[in-house]
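Naming: A, B, ... by sequence-line order, numbering from 1 per chain.
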2 protein chains.
Amino acid sequence: MSRASEHAYAAIRAHVLSGSVAAGEQLTEDQLAQITGVSRTPVREAVRRLEDELLLVRSDTKRLFVADWSRDDIEEMFVLRQMLECHAAERAAKRLSREQIAALEALNRDLTAAVEQSPPDVARFLEANRAFHEAIIDAAHSPRLGQLLARLVEAPVVLRTARIYSQSDLRQSARDHDELVAAFAARDSDWARAVMGSHLRRAFHTFARAVGPKADEPANDRDGSEP
Amino acid sequence: MSRASEHAYAAIRAHVLSGSVAAGEQLTEDQLAQITGVSRTPVREAVRRLEDELLLVRSDTKRLFVADWSRDDIEEMFVLRQMLECHAAERAAKRLSREQIAALEALNRDLTAAVEQSPPDVARFLEANRAFHEAIIDAAHSPRLGQLLARLVEAPVVLRTARIYSQSDLRQSARDHDELVAAFAARDSDWARAVMGSHLRRAFHTFARAVGPKADEPANDRDGSEP
DNA sequence: CGAGCGCGATTTGTATACAATAACCACACA
DNA sequence: TGTGTGGTTATTGTATACAAATCGCGCTCG
């Protein structure tokens with residue numbers, strides 16, 4: 001979108017993801033307009049996108065809140081992402097050119113380097129990881145699929161989980177990517193699908209372990225907070 | 001959304017689906033505002049939704065056009081819909097209450113009645129069909145899944161395909177639904193998934209047969225037109 | 001003859017004022 | 001005490017005016 005609207009989107013998104021507003025807290029369009037420095041019109045446009053991505057939600061009477069993700073919500077998204085991204089891997093295996101596979105290798109070399117630093121460069125890891133998955137989705141050549149996945153991948157994962165990965169988690173991710181590249185090089189779509197499946201499912205469990213046990217309540221961090 | 005915005009959405013959608021504008025034709029927000037009788041503000045909101053549903057598209061320079069679906073686009077959507085809705089059927093099989101199964105049966109009785117009229121009441125069929133599938137998706141209890149499917153199911157299917165179904169197609173649909181209900185009653189999620197898969201894949205082929213052979217170009221009705 | 005260039009007309013993007021709706025609060029009444 | 005009811009404030013929804021971008025077209029200049 002255009003300047004003001006795009007800026008508002010990025011600013012609001014950053015504002016929410018930074019954690020400076022609690023989950024479940026109310027926001028108003030005026031507030032956001034002041035924060036972002038643009039008028040309510042582009043703010044409304046940005047908010048609509050963020051609602052789409054489920055970062056913001058509206059009450060039944062149109063009031064605006066920061067979304068409050070339960071563990072079940074997260075699991076649901078991982079399941080859907082796994083389903084769609086396995087499909088993407090399968091299609092990509094049939095379509096990736098030699099050059100594209102080489103590009104994936106390069107991306108994963110970068111990712112691996114980020115992991116093997118001490119301490120690991122998590123930001124660089126996340127960026128390389130994002131690029132790697134995006135390249136696969138692009139190669140699947142299914143615009144609708146890309147669009148659906150965008151909504152699932154964007155919001156919840158990067159959310160506040162950036163720093164829950166141990167180095168061994170990161171290393172395993174890098175190895176998964178290596179195996180994916182091998183599957184692609186072999187043009188084995190079944191293999192690619194299977195690797196992608198376990199890759200994402202493991203990511204879910206890593207996440208789940210950090211979030212807490214299964215029987216828990218919805219992520220209820222709105223009462224007690226930082227003293 | 002609220003009154004004006006919702007009205008604009010419905011009116012524009014109907015306007016496009018009615019076929020009174022050709023695929024690929026340009027629209028302007030002013031035009032749509034006049035047609036719908038509201039100002040550009042709610043029109044823009046409605047247009048965003050329709051872009052989301054891929055009924056409208058914007059050029060690289062933000063100009064607005066009626067989307068032009070190729071056969072590949074349609075197949076892609078059917079594939080994705082099948083993947084997601086099979087998942088929904090599987091989950092629904094584990095969750096549907098006795099009452100909900102009875103409600104599905106009732107819906108399908110209505111659908112069958114519509115089919116067995118002569119001539120078949122296609123509008124009533126479509127409505128019952130929509131309600132049937134929606135009930136299953138709801139029962140899957142996966143809000144994200146529902147949201148993703150909404151975008152896939154809404155746009156392309158009803159599009160301009162309402163009247164390509166033969167009575168035998170419709171009868172087969174009714175039988176599929178019966179079998180789905182049976183699978184649900186048996187709480188057999190594998191069965192439900194399988195039936196849903198063949199149900200949707202057959203729908204695709206019915207559609208594809210009507211649209212034309214595989215090697216075709218994108219639906220290219222924009223050059224030669226009315227003299 | 002064709003490629004680039006300017007300029008009026010069209011179209012989209014943004015700000016702002018106002019209208020409609022929902023939440024909040026205080027107070028009366030049972 | 002608690003429950004409903006009025007008015008007041010906060011918040012979202014819509015219209016409108018204007019700004020910015022884009023297009024179409026005729027023109028010039030090579």
For [X], I'd like to know if atom [atom1] has over 12 heavy atoms of other residues, nucleotides or ligands within 6.0 Å.
X: A:H7; atom1: NE2; result: yes
X: B:R3; atom1: CZ; result: no
X: A:R202; atom1: CZ; result: yes

Nearest non-hydrogen partners of B:I136 and B:A89, listed with the distance: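 Smallest interatomic distance, heavy atoms only, reads CG2-CA, 4.0 Å.
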
Mind telling me whether B:F132 and B:H177 have parallel, tilted or perpendicular rings, with 30° and 60° as the class edges?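 Rings of B:H177 and B:F132: parallel, under 30°.
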
How would you summarise protein contacts on nucleotides 3-20 of chain D per nucleotide, using B for base, S for sugar-phosphate only and - for none, with heavy-atom distances below 4.0 Å? --------SBBBBB----

